[in-house]
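Letters A, B, ... mirror the listed sequences (proteins, then strands); counts begin at 1.
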2 protein chains.
Amino acid sequence: MPTTDDHKTEHLVPDEADLDARKAAILNAVVTEYIGSAQPVGSQHVVDAPGVSVSSATVRSDMAALERDGYLTQPHTSAGRIPTDKGYRFFVDQLGGPGPLDAGGRQQVRQFFDHAHGEIEEMLEHTSGLLADLTDCTAMVVGPSHESAVVRSVQLVGLGHRLALVVVVLADGAVRKQSIELAEDTDDAALAEAGGRLAAHVLGSPLAQVVGTPAPSGTASVDAIAAAGAAALRSLGEADGHDQLFVGGSSRMAAAFDAVDTVRSVLTILEQQLVVVSLLRDILDTGLTVAIGAEHGVEPLASCAIVVMPVSVGGVEAGTIGLLGPTRMNYPLALAAARVVGDRLGERLGEAAR
Amino acid sequence: MPTTDDHKTEHLVPDEADLDARKAAILNAVVTEYIGSAQPVGSQHVVDAPGVSVSSATVRSDMAALERDGYLTQPHTSAGRIPTDKGYRFFVDQLGGPGPLDAGGRQQVRQFFDHAHGEIEEMLEHTSGLLADLTDCTAMVVGPSHESAVVRSVQLVGLGHRLALVVVVLADGAVRKQSIELAEDTDDAALAEAGGRLAAHVLGSPLAQVVGTPAPSGTASVDAIAAAGAAALRSLGEADGHDQLFVGGSSRMAAAFDAVDTVRSVLTILEQQLVVVSLLRDILDTGLTVAIGAEHGVEPLASCAIVVMPVSVGGVEAGTIGLLGPTRMNYPLALAAARVVGDRLGERLGEAAR
DNA sequence: GTTGGCACTCCACTCTAGTGAGTGCTGGCC
DNA sequence: GGCCAGCACTCACTAGAGTGGAGTGCCAAC
């Protein structure tokens with residue numbers, strides 16, 4: 001009934017604009033309480049909340065209004081209220097805010113980044129574990145894209161038996177490899193010669209923009225190797241499209257739901273790296289930080305919410321952090337953790353990839 | 001009461017030696033049925049099984065004997081029988097056997113290895129997915145150990161801003177990297193010089209056996225870089241101890257149990273790569289192929305069974321396959337899949353790493 | 001040793017209150 | 001008009017009683 005809807009939207013203030021202060025306070029209380037208890041919240045539990053200094057009867061009538069406006073719902077008559085996706089949305093947009101990370105959490109983050117060592121991949125992997133610990137959500141960390149990183153070094157390494165490895169180092173420290181088959185037993189000199197020509201051809205340009213073959217050397221066997229190497233680089237450039245994903249704390253999903261079916265379908269999604277990466281991408285592209293319930297359009301995650309935070313290095317996007325939990329997840333905590341860890345991670349990546 | 005136990009073991013035949021043929025057939029039928037239905041099996045459901053041409057009353061008395069001997073158990077009086085861990089053990093050792101992979105499965109394996117491409121890590125990752133699909137279990141694939149692989153190439157690549165990358169290629173095609181910090185802005189020539197000395201020092205020896213520093217060059221700055229590189233190599237050698245693990249199909253664990261708690265604790269274990277790798281290692285070391293229930297000693301996995309299969313390349317162990325499922329998993333299928341995929345994977349690794 | 005028969009057990013299910021948290025409504029008060 | 005105490009009502013949840021049936025153990029007979 002679009003007519004009725006339009007009517008409402010146009011003439012009744014509360015639907016579009018902010019809710020009346022007390023209703024907002026009540027909604028806030030219901031969401032907060034429900035996030036903590038996972039139980040429907042009754043009017044009695046809300047009367048003592050800040051900003052609500054009225055009787056339970058009045059709260060009830062406000063709750064009924066909030067339900068009419070779609071912020072709350074009842075599992076059944078004569079049960080307490082549960083926030084709807086719209087209710088969570090209002091909470092996140094108008095009420096919650098990032099909220100500070102507690103002292104223990106801040107300490108954990110500091111300690112983590114003080115002791116973080118090793119290569120990027122390892123650090124990202126561990127970061128996902130940290131986030132999961134902090135928020136009790138499943139954490140997803142997408143590594144920096146290497147699309148624009150230029151080639152800093154190319155090397156051909158013979159592995160014996162007609163096999164060689166093309167090893168590429170990008171300016172941001174990423175290393176890619178691809179094995180190529182050689183036509184016949186090749187001596188190291190030819191390999192080195194071909195490697196040199198390959199390097200001259202691609203050094204300084206992004207991996208994705210490698211085209212053509214190196215200039216001919218006059219020796220057919222060397223040219224063949226160089227061409228094979230160039231082909232390998234191209235296939236590496238194409239494969240680089242899908243960024244690396246690190247998922248941590250997927251066991252938290254089992255604790256979040258008591259229906260095994262839900263757990264299974266969520267885990268199934270998490271196993272599909274491509275789906276997850278593009279899901280996070282999509283959410284970011286629509287300009288959201290939090291996607292609640294059906295907002296992200298992935299049906300099996302309808303009872304989940306996702307917090308997304310871009311990781312930027314010097315203003316340039318260099319990865320993404322995602323937190324997956326039930327729609328009744330602790331948004332303030334998740335937002336705070338994502339922000340803090342994202343910032344620190346960005347700094348770290350900046351130090352490494354200058 | 002060890003005395004009683006000894007007494008039994010020594011003087012009563014059925015406990016140690018094979019069960020009487022019909023009892024074995026009954027046990028076989030119970031296990032098979034229970035694997036399929038997950039419901040306690042009554043005597044009536046067994047009378048039609050091959051090798052059991054007796055009435056249900058006789059089956060009952062045999063079942064009672066099997067229960068006395070510890071092969072079966074009852075959830076409660078007047079319910080059907082469920083196999084104990086010992087019952088599964090007998091089934092696996094004496095009855096089941098690998099059992100052939102069905103046509104669809106064989107086709108799937110063939111297709112997978114025909115189309116498998118890319119580098120080892122990617123293939124191992126996908127192999128875990130394949131195994132999960134085939135068996136409906138969670139699959140674990142441990143990559144080949146690089147402990148004994150000798151260094152084929154070492155390179156120092158400058159990344160700008162006092163940062164350089166040590167890139168090591170091992171003879172089996174594995175690539176390792178580690179960033180090092182340079183004392184001050186260093187020119188490429190010094191980097192190349194140091195790289196050359198580093199290479200001369202370690203080429204041909206296994207990564208884990210890198211000791212000392214390269215021979216001095218006479219230039220202090222070059223020596224410093226070379227020393228830093230050698231230190232990086234040592235730390236890489238140490239880090240190489242824990243092999244790469246790829247877990248596929250962890251969502252299957254959610255389908256296997258209906259207690260969310262169990263699912264959560266199993267997933268928690270799966271997140272700890274080190275634990276999983278050493279668990280598989282331990283099982284192999286005790287000479288087992290299948291570890292059932294408490295046999296592997298990891299308490300949260302008490303209701304799980306693990307099928308382990310070494311992957312060997314030319315007789316040398318080069319990785320491990322593991323399948324994790326509930327104790328009532330389909331052992332013949334899991335064993336068959338593990339064997340077939342393990343063999344094919346071994347062949348593949350052999351082709352690549354010669 | 002095997003079998004049909006029989007009494008028994010006990011889970012799973014249904015049905016029936018009874019309980020209580022929570023609601024919507026109403027009439028009176030400020 | 002907004003607020004509130006009071007009240008009747010709703011309905012999930014729980015406990016207890018009753019029932020059906022799948023399954024067992026035992027026994028006497030073949």
Under 3.5 Å donor-acceptor pairs involving side-chain atoms of residues 58-67 of chain A, not counting sequence neighbours:
from: A:Thr58; atom 1: OG1; to: A:Ser55; atom 2: OG; distance (Å): 3.3
from: A:Arg60; atom 1: NH1; to: A:Ser43; atom 2: OG; distance (Å): 3.4
from: A:Arg60; atom 1: NH1; to: A:Ser56; atom 2: OG; distance (Å): 3.4
from: A:Ser61; atom 1: OG; to: A:Thr58; atom 2: O; distance (Å): 3.2
from: A:Asp62; atom 1: OD1; to: A:Arg22; atom 2: NH2; distance (Å): 3.4
from: A:Asp62; atom 1: OD2; to: A:Arg22; atom 2: NE; distance (Å): 2.8
from: A:Asp62; atom 1: OD2; to: A:Arg22; atom 2: NH2; distance (Å): 3.0
from: A:Glu67; atom 1: OE1; to: A:Arg81; atom 2: NE; distance (Å): 2.8
from: A:Glu67; atom 1: OE1; to: A:Arg81; atom 2: NH2; distance (Å): 2.9

Under 3.5 Å, which donor-acceptor pairs link side chains of residues 293-300 of chain B to any protein atom two or more places apart or in another chain?
from: B:Glu295; atom 1: OE1; to: B:Arg89; atom 2: NH2; distance (Å): 2.5
from: B:Glu295; atom 1: OE1; to: B:Ile292; atom 2: N; distance (Å): 2.8
from: B:Glu295; atom 1: OE2; to: B:Arg89; atom 2: NE; distance (Å): 3.1
from: B:Glu295; atom 1: OE2; to: B:Arg89; atom 2: NH2; distance (Å): 3.3
from: B:His296; atom 1: ND1; to: B:Val298; atom 2: N; distance (Å): 3.2
from: B:His296; atom 1: NE2; to: B:Gly293; atom 2: O; distance (Å): 2.9
from: B:His296; atom 1: NE2; to: B:Leu301; atom 2: O; distance (Å): 3.3

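Distance B:Ile82 CD1 to D:dT24 P: 12 Å, rounded to the nearest Å. Taking atom CZ on B:Arg22 and atom P on C:dG1, their separation rounds to 10 Å, with Å as the unit. Rounded to whole Å, the distance from CD1 on A:Ile26 to P on D:dG2 is 14 Å.
Identified under the salt bridge (Lys or Arg N to Asp or Glu O under 4.0 Å) test for residues 42-56 of chain B, with sequence neighbours left out: none. Applying the salt bridge (Lys or Arg N to Asp or Glu O under 4.0 Å) test to residues at least two apart or on different chains, none of the pairs has a partner in residues 253-265 of chain B.
Taking OH of B:Tyr331 as the reference point, atom CG of B:Leu95 lies at 12.5 Å (rounded to 0.5 Å).
Nearer to the 5' terminus of DNA chain C, by closest-nucleotide assignment, is the contact made by B:Ser56 (compared with the other of B:Ser56 and B:His76).
Checked against side chain to side chain donor-acceptor pair (under 3.5 Å), A:Ser265 has no partners two or more places apart in sequence or in another chain. Residues satisfying the salt bridge (Lys or Arg N to Asp or Glu O under 4.0 Å) test with B:Glu33, not counting sequence neighbours, are none. Taking the salt bridge (Lys or Arg N to Asp or Glu O under 4.0 Å) definition, one finds that B:Asp133 meets it with B:Arg252, sequence neighbours left out.
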Within the 4.0 Å limit for protein heavy atoms, which parts of nucleotides 20-30 of chain C are touched? Write it as a string from 5' to 3', B for base, S for sugar-phosphate only, - for none. --SBB------

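One end of the helix from C:dG1-D:dC30 to C:dC30-D:dG1 points its axis 20° away from the other end's axis, with each axis taken from 5 pairs and the angle rounded to 10°.
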